[in-house]
Amino acid sequence: SLSDSAIYGFNSSMIQRAFFITTVIGYTIFPYISKFWNTGEKDKVAQYLERAFNIGFLFGMPIVLGIGVTLPTIVGILSGGNYDVRTTLVLILGFGMMFQMMYIVVSYLIDLSRKTMWYNLIFLVTCGINIGLNYLLIPSMGINGAAIALFINYLVQFIFTLIVGSKTAGIKI
């Protein structure tokens, strides 16, 4: 329904705003890993990517859990109860965003390897998975089904990108 779409969009928007850390990590590490890649120091590239994962988890877990606990109260106070925040939905989307953050970090390996056509294949496969899961889960689970489909999509996208990125770059993370 239109109401469910609005609730999903609002909750998704709130969790995405909280994950500004993904952009900060990307802008911080990319110049370093590019420099190390160009000088052939693959071990340092792997080291910086691992640091990015650790920083992402260090900030991501409290973000997800904190938003899951506080967002309903904060939004209720600010909006006078006009917006529906669903904690389960926020948590599913939040943990999905953590996998998207890890996907973005590891995708630099594909960029550095200049094998960017792999993105097309990864997106094609994961889009198909997402559409299929939405078709299966939304009728029985509603917007939580859509969130679970997105969570699984981000997880699969991260795994594929990690495998492809590691192989194309010759780096194990």
Which atom of [X] lies closest to which atom of [Y], heavy atoms considered:
X	Y	value
Gly26	Pro31	O-CD, 4.4 Å
Leu150	Asn130	N-OD1, 3.9 Å
Thr87	Pro72	OG1-CG, 3.4 Å
Leu133	Ala149	CB-CB, 3.6 Å

Would you be so kind as to tabulate the donor-acceptor pairs closer than 3.5 Å made by side chains of residues 36-47, with sequence neighbours excluded?
unit_1	atom_1	unit_2	atom_2	d
Trp37	NE1	Leu112	O	3.2
Asn38	ND2	Ser34	O	3.2
Thr39	OG1	Lys35	O	3.2
Thr39	OG1	Phe36	O	3.2
Thr39	OG1	Glu41	OE2	2.7
Lys42	NZ	Ala169	O	2.8

Calculate, to the nearest 0.5 Å, the distance between atoms [atom1] and [atom2] belonging to [X] and [Y] respectively.
X	Y	atom1	atom2	result
Leu162	Lys167	CG	NZ	10.5 Å
Ile163	Ser166	CD1	OG	8.0 Å
Leu91	Thr88	CG	OG1	6.5 Å

A side-chain contact here means heavy atoms from C-beta on lying under 4.5 Å apart; do [X] and [Y] qualify?
X	Y	result
Phe30	Ile33	yes
Tyr154	Met98	no
Ser12	Leu93	yes
Phe95	Phe151	yes

So the side-chain hydrogen bond (donor to acceptor under 3.5 Å, both in side chains) pairs with at least one residue in residues 104-129 (sequence neighbours excluded) are Asp111-Tyr119, Ser113-Thr168
With clusters defined by side-chain heavy atoms of hydrophobic residues (ILVMFWY) lying less than 4.5 Å apart, directly or transitively, does [Y] cluster with [X]?
X	Y	answer
Tyr135	Ile138	no
Val156	Met102	yes
Val90	Met141	yes
Leu155	Leu136	no
Val125	Ile122	yes

Would Thr22 and Gln100 count as a side-chain contact (heavy atoms from CB on, under 4.5 Å) here? Give the steps. CA-CA 9 Å; Thr22 303; Gln100 186 195 38; 6.0 Å; no
Relative to each other, are the rings of Phe99 and Phe158 parallel, tilted or perpendicular (30° and 60° limits)?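 Correct class here is tilted.
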Does the pair Asp4 and Arg86 meet the rule for a side-chain contact (heavy atoms from CB on, under 4.5 Å), with working shown? CA-CA 11 Å; Asp4 283 344; Arg86 301 203 181 154; 4.1 Å; yes
Side-chain polar contacts of residues 48-70 - donor-acceptor pairs under 3.5 angstrom, sequence neighbours left out - could you list them?
unit_1	atom_1	unit_2	atom_2	d
Asn54	ND2	Glu50	O	3.4
Thr70	OG1	Gly66	O	2.7

